[in-house]
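Structure first, then comments.
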Amino acid sequence: MEYGICALSAVPVRAEPTDKAELVTQLIFGECYTVLLTQGNWHQIRLAADHYLGWIDFKQHMSVTAEYFTAWNAQDHPRSLDVVQMVSDAHTRIPVTLGSRLPFFDGMTLRLGSQQLFYNGAATNPLNGHGPGGPVDKRLALVQKMGQVYLKSPYVWGGKSLFGLDCSGLMQQLYGLIGVPLPRDARQQIDHGQTVHFVSQTRPGDLAFFDNADGVIVHVGIMLDDQQILHASGEVRIDPLDHNGIYHRQRQKYSHKLRLIKRILAD
């Protein structure tokens, strides 16, 4: 079995082994994966964090040992909190964006395979209450704060980067900052958490899910104060939510029909 790690800011993961195929998700810097199959210039991979399957260009693959992969899986790694920052050594400079994992970060250096790199930007820290076990209100405050940083990021189907992402990718990245591993797609994310029965009972951090005319879950957003919702639709934006759904202020009409609200973190 071969293992790898994303050593670039973002790597496209495609549905088929061709550059013309649909973007199904992205690898973000610091994410590990398993190589399942090699076909021509393409590797079929399974992401370690959410088990998503897809194809990456072999030129964007960086191998790691089985020991590194096992150790990576056993930890919840700090995440970058800067919009863009550099990890570097004497010969390498790699741009990393908000939400990137910093494998085995000790406050100064991280370990990317056998390579030790410096990072001097802001990062999540369990000692500051960001990680699992920290106060719920403090963790959700970080999610809300970082959610504002994503505003105006463009919608990109399959994206997870600050410079292009989809609705469920945004939710996965935001909750990843506080050590909550959400699945990749909205139709999977809806299976997590506790149901909130009324919009008036929502709290910041709750996830609201929306369906289409066939009852299929097609959209998700995260609640803020005053029944406002942060979501990726064309761009990352904030709109009001009521029992009907999301009301698009500029268009003055409802854009998404509400299906269910879930509380991911309970007191």
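The structure presented is a predicted model; accordingly, all values stated were derived computationally and were not measured. Computed from heavy atoms alone, side chains included, the values below leave out hydrogens, waters and symmetry copies. Residue numbers start at 1 and run along the sequence shown.
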Measuring from atom [atom1] of [X] to atom [atom2] of [Y], what distance do you get when rounded to the nearest 0.5 angstrom?
X    : Y    : atom1 : atom2 : answer
Q26  : L47  : CD    : CG    : 10.5 Å
H61  : I45  : NE2   : CD1   : 9.5 Å
T34  : H43  : OG1   : NE2   : 12.5 Å
Q189 : L207 : CD    : CG    : 6.5 Å

Sequence neighbours excluded, which residues qualify as side-chain hydrogen bond (donor to acceptor under 3.5 Å, both in side chains) partners of [X]?
X    : value
R263 : D206
D57  : K59
Q85  : D82
R249 : Q228

Output the rest of the hydrophobic cluster of [X]: all Ile, Leu, Val, Met, Phe, Trp and Tyr residues reachable through side-chain heavy-atom contacts under 4.5 Å, sorted by chain and number.
X    : answer
V216 : V218
L112 : M1, Y3, I5, F29, M62, V64, Y68, F69, W72, V87, I94, V96, L102, F104, F105, L110, L117, Y119
Y155 : W157

Side chain to side chain, [X] and [Y], heavy atoms closer than 4.5 Å:
X    : Y    : value
V35  : Q44  : no
P183 : D50  : no
I261 : V199 : yes

All side chain to side chain contact (heavy atoms under 4.5 Å, CB included) counterparts of [X], not counting sequence neighbours:
X    : value
D225 : Q144, P204
T109 : D106, Q116, F118
L151 : Q148, L230, V236, I238

- Pairs touching residues 229-253 that satisfy ring pair (Phe, Tyr, Trp, His ring centres under 6.0 Å), sequence neighbours left out: H219-H231, H231-H256, Y247-Y254
- Donor + acceptor pair across side chains of Q227, D242 (<3.5 Å): no
- Take atom CD in Q252; do more than 12 heavy atoms of anything else shown fall under 6.0 Å from it? no
- So does D226 have more than 12 non-hydrogen atoms from other groups sitting under 6.0 Å from CG? no
Show the atom names and distances, to 0.1 Å, of all donor-acceptor pairs under 3.5 Å that link a side chain in residues 125-143 to residues at least two apart or in another chain.
| residue | atom | partner | partner atom | Å |
| --- | --- | --- | --- | --- |
| N125 | OD1 | L127 | N | 2.8 |
| H130 | ND1 | N125 | N | 3.0 |
| K138 | NZ | N128 | O | 3.2 |
| R139 | NE | G131 | O | 3.2 |
| R139 | NH2 | I178 | O | 2.6 |

- Task: Apply side-chain hydrogen bond (donor to acceptor under 3.5 Å, both in side chains) to S100 and R79, showing your working.
- Result: CA-CA 5 Å; S100 297; R79 307 277 188 118; over 6 Å; no
